[in-house]
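Some notes on the structure that comes next.
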There are 2 protein chains.
Amino acid sequence: MYICLMEFKEAKNKFVQTWGALGSQWGINKTMAQIHALLMISHEPVSMEDIMEELQISRGNASMNLRALMDWGIVYKEYKAGERREFFTAEKDLDELAVKISRERSKREIKPALKVLKEVSTMKSDGTEAERHFVDQTTKLYDFVLKADNVLDKITEYKDNWLAKLVIKIMK
Amino acid sequence: MYICLMEFKEAKNKFVQTWGALGSQWGINKTMAQIHALLMISHEPVSMEDIMEELQISRGNASMNLRALMDWGIVYKEYKAGERREFFTAEKDLDELAVKISRERSKREIKPALKVLKEVSTMKSDGTEAERHFVDQTTKLYDFVLKADNVLDKITEYKDNWLAKLVIKIMK
DNA sequence: ACAAACTTTCATTTTTTTTTGAAACTTTAA
DNA sequence: TTAAAGTTTCAAAAAAAAATGAAAGTTTGT
């Protein structure tokens, strides 16, 4: 029994660390990803106190990153009857999680980038080869990113089980 | 004519800055993304000297990031006849660029993460509800990430014009 | 209205990541 | 073989990002 508990703790820790590392490689702060990982594998809502304890982080850090996760719409606050403090749960449905992440990234990063691409690609150019190439390349990039963004939107529109449905579509 | 040149410089700069910012949000260092942006819009190969000059960065920084871009397979070294120094060009085909980036990210980040997910999800659990939930959730995550990774692989397999082909498949 | 219980904010500190620059290295041509 | 022209490396410095923690703010029960 003791050994078994140790193994669980070890596996849990490995998962949280790995998720944290993956997060930073994709531009998500480590703690934010770790909190998310922790909530993903918890079978019941977790208090801020417990998150701080498990990840050895400060109250401020926990609070800020929980707020960020809620802003992304992938972590929810919960209230337990008769309990003063707040508890947190993660969106556990992976299709839903992926949809929310992709929507947020599109809104926060892709859409603003598209706006700039549009701007710079419509620069009036009757000039040098360098200018012609610039306009040509940025126009192509605009079209590509726009198309990719739309495809992602279309794919995740199914919401329920979109990945499985995509697999079927592609295999055909 | 003077005004026109200024506008080009301005547009070019805006593009390079935006691409750099987008890069950091996705876990790619700013300078690396900026060098890539610069090469993407150059109609001819660029020397390290010119890159340093345009981006106001040191020789070491330029060298390291060019090496990284070449490791990703999205920037090439070129030699000009009768020139001692090296020149650099970016992969300008966007389909090809996206394929290479997705392949590298899969190899460097997704595959190792999958390995860990496999490990932790096969932890023997005959224990508590917490343990059962952990195994269940990590197993689901493993399946999901594996499937997504395979789909991406399949999509980019077409290489030539894969995005346009994907659009058609999905619309049907 | 008060105070206990809890959460949020943000200026400061710490950590991590990126950049620099000078020394070491490589290549080429005479 | 030498030196000039160029490139790479890596320890140290700088910059950027994240974390801390104490003060301010909020909510709830009496």
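Chain letters run A, B, ... following the sequence lines, proteins first, then strands; residues in each count from 1.
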Of all heavy-atom pairs between [X] and [Y], which one has the smallest distance, and what is that distance?
X: A:R103; Y: A:T156; value: NH2-O, 3.8 Å
X: A:M123; Y: B:A11; value: SD-CB, 3.7 Å
X: A:S125; Y: A:V135; value: CB-CG2, 3.7 Å
X: B:T18; Y: A:A113; value: CG2-CA, 4.4 Å

Side chains of B:W162 and B:E157, donor plus acceptor under 3.5 Å =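 There is no such pair between these side chains.
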task = For B:R85, report the nucleic acid contact type (base, sugar-phosphate, nothing); a contact means any heavy atom under 4.0 Å.
result =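 Sugar-phosphate: the residue B:R85, judged by heavy atoms under 4.0 Å, touches backbone atoms but no base.
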task = Using the test side-chain contact (heavy atoms from CB on, under 4.5 Å), find all partners of B:S47 that sit at least two apart in sequence or belong to another chain.
result =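 In terms of side-chain contact (heavy atoms from CB on, under 4.5 Å), with neighbours along the sequence ignored, B:S47 is linked to B:E49, B:D50, B:R85, B:F87.
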Could you list the donor-acceptor pairs under 3.5 angstrom formed between side-chain atoms of residues 144-153 of chain A and any protein atom two or more places apart in sequence or on another chain?
| from | atom 1 | to | atom 2 | distance (Å) |
| --- | --- | --- | --- | --- |
| A:D149 | OD1 | A:S106 | OG | 2.9 |
| A:D149 | OD2 | A:K111 | NZ | 3.0 |
| A:N150 | ND2 | A:L146 | O | 3.4 |

ask   = Should we count NZ of B:K165 as having more than 12 external heavy atoms under 6.0 Å?
value =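 Enclosed: over 12 neighbouring heavy atoms sit under 6.0 Å from NZ of B:K165.
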inquiry  = Does atom NZ (B:K115) have a neighbourhood of more than 12 heavy atoms from anything else shown, all under 6.0 Å?
reply    =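 Result for NZ/B:K115: open.
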[X] side chain vs [Y] backbone, donor-acceptor pair below 3.5 Å:
X: A:K30; Y: A:S24; value: no
X: A:D93; Y: A:E96; value: yes
X: A:K100; Y: A:G73; value: yes

task = Apply salt bridge (Lys or Arg N to Asp or Glu O under 4.0 Å) to B:E86 and list each qualifying residue two or more places apart in sequence or on a separate chain.
result =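 Result, salt bridge (Lys or Arg N to Asp or Glu O under 4.0 Å) vs B:E86: B:K77.
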ask   = Among the nucleotides C:dC10, C:dT8, C:dT20, which one has an atom lying closest to any side-chain atom of A:M64?
value =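 Per side-chain heavy atoms of A:M64, the pick is C:dC10.
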key: Of residues 36-56 of chain B, the positions that come close to DNA chain C - non-hydrogen atoms, cut-off under 4.0 Å   =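 Heavy-atom cutoff 4.0 Å gives B:Q56.
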query = With Watson-Crick and G-U wobble geometry limited to distances under 3.5 Å, how should the secondary structure of DNA chain C be encoded in dot-bracket form, using | for bases paired to another strand and [ ] for crossing pairs?
reply = ||||||||||||||||||||||||||||||
Validation: residues 62-72 of chain B side-chain donor-acceptor distances under 3.5 Å, sequence neighbours left out:
| from | atom 1 | to | atom 2 | distance (Å) |
| --- | --- | --- | --- | --- |
| B:N65 | OD1 | B:N29 | ND2 | 3.2 |
| B:N65 | ND2 | B:N61 | O | 3.1 |
| B:N65 | ND2 | B:N61 | OD1 | 2.7 |

Using nucleotides 13-18 of chain C, report all nitrogen or oxygen pairs with the protein that are shorter than 3.5 Å.
none

ask   = Can you pull the contact range of chain A along DNA chain D, 5' to 3', using atoms under 4.0 angstrom from its heavy atoms?
value =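 Contact span on the strand: D:dA18 to D:dT28.
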Those residues of residues 13-20 of chain B lying under 4.0 Å from DNA chain D by at least one heavy atom =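 Nothing qualifies; none.
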query = Of the residues in residues 66-83 of chain B, which ones touch DNA chain D at a heavy-atom distance under 4.0 Å?
reply =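 The stretch gives B:R67, B:K77 as the residues lying under 4.0 Å from the strand, ordered by number.
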Pair listing, ring-ring contact (aromatic ring centres under 6.0 Å, His included) test, anchored in residues 109-134 of chain A, at least two apart =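 Sorted pair list: A:F134-B:F8.
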Gap between atoms CZ and C1', on A:R84 and C:dA3 respectively (whole Å) =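 That distance rounds to 10 Å.
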inquiry  = Let's go through B:L141 and A:F15 carefully: what are the C-alpha distance in whole Å and the side-chain angles of both, what is the deciding distance for side chain to side chain contact (heavy atoms under 4.5 Å, CB included) to 0.1 Å, and is it a yes or a no?
reply    = CA-CA 11 Å; B:L141 200 49; A:F15 174 70; 3.6 Å; yes
task = Could you check A:F87 against B:I57 and say which one's nearest nucleotide on DNA chain C is further toward the 5' end?
result =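 Residue closer to the 5' terminus by nearest nucleotide: A:F87.
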ask   = Would A:D136 and A:R132 pass as an ion pair if we require N to O under 4.0 Å?
value =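 No, no charged N to carboxylate O under 4.0 Å.
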key: Any pair counted as side chain to side chain donor-acceptor pair (under 3.5 Å), so long as it reaches residues 35-46 of chain B, sequence neighbours left out   =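 Listed by first then second residue: B:W19-B:H36.
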